[in-house]
Amino acid sequence: MTSDINITPMVDVCLVLLIIFMVVTPMLQKGVPVLLPKTQSPDKTPDTEKQLQISVKDDGTVYLASLVIRKDQVKSELVAIYERTPDREIAVKGDSRTNYGEVLDIMKACRDAGFQNIGLIAEPIKTPGSEG
């Protein structure tokens, strides 16, 4: 009597897991996707729940997390957020094709609202010998 291993259920499970990872992976990026500027070695900061990402797209659209807001509403929204949680960290994702002044305006609005911990998000330049 010989016993054969039936690998069909294992292949089915692996394919289901692959599909799940393919669907979930794009959702792991917080905020709105933008084309980030590249720099030699950007500082890495931990992505915490206290962090609020503000995205500035190439057309000038501003997003607080994933909520689109008008430019004239940015400061009032940030003031309201600061009143609820003054210890929040702000991470600004400016599209590399956007006007530099628009990103500076957002950072100034963050400072005017009272936030002190404000940073810019950039993408590292990939060199031939680097990993990732």
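Each residue takes its place number in the sequence, starting with 1.
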Chemist: Mind listing the closest non-hydrogen atom pair of Val103 and Gly94 along with its distance?
Modeler: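 For Val103 versus Gly94, the nearest heavy atoms are CG2-CA, 4.0 Å.
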Chemist: In Å, rounded to the nearest 0.5 Å, how long is the span from OH of Tyr100 to CG of Asp105?
Modeler: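 Answer rounded to 0.5 Å: 11.0 Å.
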Chemist: Within the 4.5 Å heavy-atom criterion, are Ile54 and Lys93 side-chain neighbours or not?
Modeler: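 No - every pair of side-chain heavy atoms lies 4.5 Å or more apart.
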Chemist: Could you tell me whether Leu17 atom CG has more than 12 heavy atoms of other residues or ligands within 6.0 Å of it?
Modeler: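 Counting neighbours around CG of Leu17, more than 12 heavy atoms of other residues, nucleotides or ligands fall under 6.0 Å, so yes.
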Chemist: Please report the interatomic distance OG1(Thr85) to CZ(Arg88), rounded to the nearest 0.5 Å.
Modeler: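 Thr85 atom OG1 to Arg88 atom CZ measures 5.0 Å (nearest 0.5 Å).
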Chemist: Taking a hydrophobic cluster as the set of Ile, Leu, Val, Met, Phe, Trp and Tyr residues connected by side-chain heavy atoms closer than 4.5 Å, whether directly or through intermediates, do Leu15 and Phe21 fall within one such cluster?
Modeler: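 Different hydrophobic clusters.
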Chemist: For the atom pair CG (Leu52) and SG (Cys110), what is the distance rounded to the nearest 0.5 Å?
Modeler: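 Between Leu52 CG and Cys110 SG, I get 7.5 Å after rounding to 0.5 Å.
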Chemist: Nearest 0.5 angstrom please: Gln51 CD to Ile121 CD1, how far?
Modeler: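 Rounded to the nearest 0.5 Å, the CD-CD1 separation comes out at 5.5 Å.
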Chemist: Measure the NZ-CG distance between Lys75 and Leu78 for me, rounded to the nearest 0.5 Å.
Modeler: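 Reported to 0.5 Å precision, the distance equals 10.0 Å.
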Chemist: Using 4.0 Å as the upper bound for N to carboxylate O, is an ion pair formed by Lys57 and Asp59?
Modeler: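 Salt bridge absent between Asp59 and Lys57.
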Chemist: How many angstroms lie between CZ in Arg70 and CD in Glu77, if you round to the nearest 0.5 Å?
Modeler: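 Rounded to the nearest 0.5 Å, the CZ-CD separation comes out at 10.0 Å.
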Chemist: Does Ile106 belong to the same Ile/Leu/Val/Met/Phe/Trp/Tyr cluster as Leu67, with side-chain heavy atoms less than 4.5 Å apart forming each link?
Modeler: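 In one cluster: yes.
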Chemist: Determine whether Val56 and Asp95 make a side-chain contact, defined as any pair of heavy atoms from C-beta on separated by less than 4.5 Å.
Modeler: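 Result no, sub-4.5 Å side-chain heavy-atom pair not found.
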Chemist: Quick check: do Leu64 and Ile81 have side-chain heavy atoms less than 4.5 Å from each other?
Modeler: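 The answer is yes, as the side chains (C-beta and beyond) meet within the 4.5 Å cut-off.
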Chemist: Could you check if a side-chain atom of Met10 sits within less than 4.5 angstrom of a side-chain atom of Ile5, using non-hydrogen atoms only?
Modeler: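 No. Closest side-chain heavy atoms not under 4.5 Å.
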Chemist: Taking the side chain as C-beta and beyond, is there a heavy-atom pair between Val62 and Val68 under 4.5 Å?
Modeler: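 With C-beta onward as the side chain, the pair stays apart.
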Chemist: Which atom names give the shortest non-hydrogen contact between Ile90 and Phe115, and what distance separates them?
Modeler: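 Nearest heavy atoms, Ile90 then Phe115: CG1-CG, 3.8 Å.
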